Novice: 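I'd like to ask some things about the structure below.
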Amino acid sequence: MLGPSGHLDTFARDNLPPPDQWPEIRLDGFDYPEWMNAGVELTDRMVERGFGDNTALIGNGRRRTYKELSDWTNRIARALTEDYGLKPGNRVLIRSANNPAMVACWLAATKAGAVVVNTMPMLRSGELSKIIDKAEISIALCDTRLMDELVACAKESRFLKQVIGFDGTANHDAELDRAALNKPVRFESVKTGRDDVALLGFTSGSTGVPKATMHFHRDILIIADAYAKEVLDVTPDDVFVGSPPLAFTFGLGGLAVFPLRFGAAATLLEQATPAKMIEIIETYKATISFTAPTAYRAMLAAMDAGADLSSLRIAVSAGETLPAPVFDEWVAKTGKPILDGIGATEMLHIFISNRLGDSRPACTGRPLTGYEAIVVDDDMNEVPRGTIGRLAVKGPIGCRYLADDRQEDYVKDGWNLTGDSFVEDEDGYFHFAARSDDMIVSAGYNIAGPEVEAALLKHEAVLECAVIGVSDEARGTIVEAHVVLAKGAEPGELMVKLLQDHVKAVIAPYKYPRSIVFTEALPKTESGKIQRFRLKQKPSA
């Protein structure tokens, strides 16, 4: 089933799920050599193909060409193997904000045959310890501006032996940089198998022992050759910009793998606020944007104040469902598409998406070529079209958790169950209803929170909102909306009544929020995704 391995440290392959717990993997149309290294394919191979002088990475005030990136990563890979004893198959943790140095470290470690774990700068030592213990990580590469938590973690860890600092700025003035600068620019990259694990993606939001998803060298290329090629039609002229952390597979794909696979440029922002993204779009004429719906709302408001986003040819929205009002306003103001899609860490990236010339509001789209999706009930029976059920997916990539009993919860009968509730319409388009565990059942009615949010967002007084279910003695659960009001709108009983009546007029009246909480801001992840679970932890109004 699995091809040959170039790993000397066999931990990753030894901890793959048993073959009978794997999803069905469909590789038709995704053919790669038996031996391949994703790090080489995204750097050295691009230079060989004539992209050496093209800009690859933009960040921290510098542009770096593909030739510079190839040389840089080869030097770091040499330092890791020659000075720090990295062996193929060892796990390497990288801790950094989004910057070119983080991308270089990831590619270099991949070239050296490591299994890389990218992590967010927001994580604290306790959270890092869980990741290190789960993956038995011995080497960590850390932006020197973020060393404290990792050093504290290393003091207590039985696995983490080396914490090596790198310079996340453009100065190349840290331990790893100095070691790398003394190395030749040529490196004989490790001969890894296409079925060797290259990346461990830890899922966000999991409680207790974190879940690590295992992805092969071939998977890293598949997401580009599937989604980026088919949906985005990437060319070397494209310039990517976005907010998701590289530590999330959504960000790693959109801000590293996709541009580098096609000779395009990636702009990287350590603080990817909407204002900073707008500045980058205007300065570098970015053409493809990756961010969450909340950021697109802020960008639309900035356009009213004179921001020029005309260089963007595609806006990609993911992280959470794209409300129809945001879709409509974006298309009306820019004349360009905004493409909703859904992916999962377990599937590495987006597998259902709208397309150029085939996008519509309140719709997630159709499966990519090579993927199949159905909507099922709790017994894995496909439900009639138009019926809410659980989304099940198959394709060239699927869930493989690292030594985890929860594998059997995610994979059933060869299908990946993403944890989302969807409806497939008569034309084969998929529509998001809610996270499966976030469906609100109120007085016997099934209510999807995103539908209520979309209705609220159509009111001019609502800037942002998030809907949750809260317990109620009479109805079991009621819909509660947490609302950030637009400038000039006044909270109070009158506004509550106004918004409730508005929702009743837009969607079925039983779905209206019986409780409305006004707030200054909604809790969000670093990538801009609203954290509804934190709203559930707060006492309601």
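These numbers come from the heavy atoms of this one structure, side chains and all, not from hydrogens, waters or symmetry mates. Bear in mind the structure is a predicted one, so any value in this text is a computation, not a measurement.
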Novice: Hey, are the side chains of L80 and I76 touching, using non-hydrogen atoms and a 4.5 Å cut-off?
Specialist: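 L80 reaches I76 side chain to side chain.
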Novice: What residues form a side chain to side chain contact (heavy atoms under 4.5 Å, CB included) with W22, not counting sequence neighbours?
Specialist: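 Partners of W22 under the side chain to side chain contact (heavy atoms under 4.5 Å, CB included) test: M1, L2, L16, P17, I25, F216, R400.
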Novice: Any side-chain heavy atom of F258 sitting closer than 4.5 Å to one from H349?
Specialist: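 SC-SC contact between F258 and H349 confirmed.
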Novice: Report yes or no: does T144 contribute a side-chain atom to a donor-acceptor pair with the main-chain N or O of A174 at less than 3.5 Å?
Specialist: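 No, the answer is negative, given that no donor and acceptor are paired below the 3.5 Å cut-off.
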Novice: Y401 and E346: side-chain donor and acceptor closer than 3.5 Å?
Specialist: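 Yes - a donor-acceptor pair under 3.5 Å links their side chains.
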Novice: Atom CD1 of I137 and atom CD1 of I132: how far apart are they, to the nearest 0.5 Å?
Specialist: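 That separation rounds to 5.5 Å.
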Novice: What pairs with K285 under side chain to side chain contact (heavy atoms under 4.5 Å, CB included), at least two apart in sequence or on another chain?
Specialist: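 Checked K285 against side chain to side chain contact (heavy atoms under 4.5 Å, CB included); matches are S311.
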Novice: Taking all atoms of both residues into account, what is the closest heavy-atom pair of F262 and A224, and its distance?
Specialist: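 Looks like CZ-O, 3.6 Å.
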Novice: Measuring only between side-chain heavy atoms, which start at C-beta, is P245 closer than 4.5 Å to N98?
Specialist: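 With C-beta onward as the side chain, the pair touches.
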Novice: With sequence neighbours left out, write down each residue that passes side chain to side chain contact (heavy atoms under 4.5 Å, CB included) with R297, or none if nothing qualifies.
Specialist: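 Once residues adjacent in sequence are excluded, the partners of R297 under the side chain to side chain contact (heavy atoms under 4.5 Å, CB included) criterion are V326, L457.
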Novice: Please enumerate all residues that pass salt bridge (Lys or Arg N to Asp or Glu O under 4.0 Å) together with E82, with sequence neighbours excluded.
Specialist: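 Result, salt bridge (Lys or Arg N to Asp or Glu O under 4.0 Å) vs E82: R78, K183.
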Novice: The criterion is salt bridge (Lys or Arg N to Asp or Glu O under 4.0 Å); which residues satisfy it with R178, sequence neighbours excluded?
Specialist: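 Result, salt bridge (Lys or Arg N to Asp or Glu O under 4.0 Å) vs R178: D173.
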Novice: Please list, chain by chain and in numerical order, all residues satisfying salt bridge (Lys or Arg N to Asp or Glu O under 4.0 Å) with E24, sequence neighbours excluded.
Specialist: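 So E24 forms a salt bridge (Lys or Arg N to Asp or Glu O under 4.0 Å) with R26, K394.
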Novice: With sequence neighbours left out, what residues match R194 under salt bridge (Lys or Arg N to Asp or Glu O under 4.0 Å)?
Specialist: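 Scan of R194 (salt bridge (Lys or Arg N to Asp or Glu O under 4.0 Å), adjacent residues dropped) gives none.
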Novice: Is there a donor-acceptor pair closer than 3.5 Å between any side-chain N or O of R95 and the backbone N or O of L123?
Specialist: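 Here the side-chain-to-backbone pair exists.
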Novice: Show every donor-acceptor pair shorter than 3.5 Å between a side-chain atom in residues 149-164 and any protein atom, with sequence neighbours excluded, or say none if there are none.
Specialist:
from	atom 1	to	atom 2	distance (Å)
E149	OE1	S125	N	2.9
S157	OG	F159	N	3.0
S157	OG	L160	N	3.0
K161	NZ	R158	O	2.9
Q162	NE2	Y84	O	3.1

Novice: Would T369 and E230 count as having a side-chain donor-acceptor pair, cut-off 3.5 Å?
Specialist: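 Yes, a side-chain donor-acceptor pair sits under 3.5 Å.
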Novice: Within the 3.5 Å criterion, strictly below it, is a donor on T291 or S243 matched to an acceptor on the partner's side chain?
Specialist: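 There is such a pair (donor and acceptor under 3.5 Å, judged by atom type) between the side chains of T291 and S243.
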Novice: Can a donor-acceptor pair be found between the side chains of Y32 and D225 at a distance below 3.5 Å?
Specialist: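 Per modelled atom types, Y32 and D225 side chains form a pair under 3.5 Å.
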Novice: Do NZ/NE/NH1/NH2 and the carboxylate oxygens of R63 and E68 come within less than 4.0 Å?
Specialist: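 No, this pair does not count.
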Novice: Is any NZ, NE, NH1 or NH2 atom of the basic residue among R13 and D196 found under 4.0 Å from an Asp or Glu carboxylate oxygen of the other?
Specialist: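 D196 and R13: salt-bridged.
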Novice: Verify, without hydrogens or angle tests, whether T43 (side chain) and G39 (backbone) share a donor-acceptor contact under 3.5 angstrom.
Specialist: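 The answer is yes, because a donor-acceptor pair under 3.5 Å joins these two groups.
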Novice: Minimum heavy-atom separation for Y371 and G395, please, with both atom names.
Specialist: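 Heavy atoms only, the tightest pair is CD2-CA, 3.8 Å.
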Novice: Have a look at L391 and tell me which of F351, F432, W415 forms a side-chain contact (heavy atoms from CB on, under 4.5 Å) with it.
Specialist: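 One option only clears the test, and that one is F351.
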Novice: For a 4.5 angstrom cut-off between non-hydrogen side-chain atoms, does L93 reach I139?
Specialist: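 Contact flag for L93/I139 side chains = no.
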Novice: Flag the pair R91 and D9 as a salt bridge only when some basic side-chain nitrogen lies within less than 4.0 angstrom of an acidic carboxylate oxygen.
Specialist: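 A salt bridge is present here (some side-chain N lies under 4.0 Å from a carboxylate O).
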Novice: Mind checking whether R534 and L522 have side chains closer than 4.5 Å, heavy atoms only?
Specialist: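 Heavy-atom side-chain distance check fails, nothing below 4.5 Å.
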Novice: Please give me the minimum heavy-atom distance between A179 and D83, naming the atom from each residue.
Specialist: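 Heavy-atom minimum between the residues: CB-OD2, 3.7 Å.
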Novice: How about E188: does its CD atom have over 12 heavy atoms from other parts shown lying under 6.0 Å from it?
Specialist: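 Counting neighbours around CD of E188, 12 or fewer heavy atoms of other residues, nucleotides or ligands fall under 6.0 Å, so no.
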Novice: Please report, to 0.1 Å, the donor-acceptor pairs under 3.5 Å made by any side chain of residues 55-62, with sequence neighbours excluded.
Specialist:
from	atom 1	to	atom 2	distance (Å)
N60	ND2	G168	O	2.6

Novice: Can you tell me how far apart CD1 (I131) and CG (L200) are? Round to the nearest 0.5 Å.
Specialist: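 Reported to 0.5 Å precision, the distance equals 10.0 Å.
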Novice: Measuring from D340:CG to T364:OG1, what's the distance to the nearest 0.5 Å?
Specialist: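 With rounding to 0.5 Å, CG (D340) is 5.0 Å from OG1 (T364).
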Novice: Classify the ring geometry between H172 and W72 as parallel (under 30°), tilted (30 to 60°) or perpendicular (over 60°).
Specialist: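 Correct class here is perpendicular.
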Novice: Any chance you could measure L322, atom CG, to L339, atom CG, to the nearest 0.5 Å?
Specialist: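 Result: 9.5 Å between the selected atoms.
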Novice: Take atom CG of N171 as the centre, draw a 6.0 Å sphere, and report whether it contains more than 12 heavy atoms from other residues, nucleotides or ligands.
Specialist: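 Counting other residues, nucleotides and ligands, CG of N171 exceeds 12 neighbours.
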Novice: So, D233 and K229, do they make that salt bridge, N to O below 4.0 Å?
Specialist: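 Result for this pair is no, no salt bridge flagged.
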Novice: Test: ring-ring contact (aromatic ring centres under 6.0 Å, His included). Region: residues 271-299. Which pairs qualify, not counting sequence neighbours?
Specialist: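 Sorted pair list: F250-F290, Y296-W330.
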Novice: Taking D238's backbone N and O only, do any of them form a donor-acceptor pair with R313's side chain (distance below 3.5 Å, no angle check)?
Specialist: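 Side chain of R313 to backbone of D238: no pair is present.
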Novice: Would you call R45 and E41 a salt bridge, using N to O less than 4.0 angstrom?
Specialist: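 The answer is yes: the pair qualifies as a salt bridge.
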Novice: Indicate yes or no: does D44 engage K111 in a salt bridge with an N to O separation below 4.0 Å.
Specialist: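 A salt bridge links D44 with K111.
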Novice: Which heavy-atom pair separates D219 from P396 by the least distance, and what is that distance?
Specialist: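 In this case the closest contact between D219 and P396 is OD1-O, 4.3 Å.
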Novice: Is there a side chain to side chain contact (heavy atoms under 4.5 Å, CB included) between I288 and F240? Walk through the geometry before answering.
Specialist: CA-CA 5 Å; I288 300 177; F240 286 68; 3.7 Å; yes
Novice: With a cut-off of 6.0 Å (strictly less than), are more than 12 heavy atoms of other residues, nucleotides or ligands near CG of D409?
Specialist: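 More than 12 within 6.0 Å, yes.
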Novice: Taking atom CG as the centre, does D14 end up with more than 12 heavy-atom neighbours from other residues, nucleotides or ligands that are less than 6.0 angstrom away?
Specialist: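 Yes, the 6.0 Å shell around CG holds more than 12 heavy atoms from other groups.
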Novice: I'd like to know whether L128 forms a side chain to side chain contact (heavy atoms under 4.5 Å, CB included) with T119, so could you lay out the CA-CA distance, the side-chain angles of the two residues, the decisive distance to 0.1 Å, and finally the verdict.
Specialist: CA-CA 8 Å; L128 291 165; T119 62; 4.1 Å; yes
Novice: Run the side chain to side chain donor-acceptor pair (under 3.5 Å) test against T273 and tell me which residues pass, sequence neighbours left out.
Specialist: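 For T273, no residue satisfies side chain to side chain donor-acceptor pair (under 3.5 Å) once neighbours in sequence are set aside.
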Novice: Please list, chain by chain and in numerical order, all residues satisfying side chain to side chain contact (heavy atoms under 4.5 Å, CB included) with A307, sequence neighbours excluded.
Specialist: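 For A307, the residues satisfying side chain to side chain contact (heavy atoms under 4.5 Å, CB included) (neighbours in sequence not counted) are I278, E282, A302.
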Novice: Taking it one step at a time, do N118 and L252 satisfy side chain to side chain contact (heavy atoms under 4.5 Å, CB included)?
Specialist: CA-CA 9 Å; N118 293 313; L252 190 69; 4.0 Å; yes
Novice: Using modelled atom types and a 3.5 Å cut-off, is there a donor and acceptor pairing between side-chain atoms of K87 and backbone atoms of H7?
Specialist: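 Such a contact is absent between K87 side chain and H7 backbone.
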Novice: Is the backbone N or O of K130 less than 3.5 Å from a side-chain atom of D133, with the two atoms forming a donor-acceptor pair by type?
Specialist: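 Not a single qualifying donor-acceptor pair exists.
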Novice: Quick one: OG1 on T294 to NZ on K529, what's the gap to the nearest 0.5 Å?
Specialist: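 Those atoms lie 11.5 Å apart.
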Novice: Go through the steps to decide whether M277 and I280 satisfy the test side chain to side chain contact (heavy atoms under 4.5 Å, CB included), and finish with yes or no.
Specialist: CA-CA 5 Å; M277 283 184 57; I280 289 293; 5.7 Å; no
Novice: As an exercise, state the distance from NE2 of H217 to CG of D195, rounded to the nearest 0.5 Å.
Specialist: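 Result: 10.0 Å between the selected atoms.
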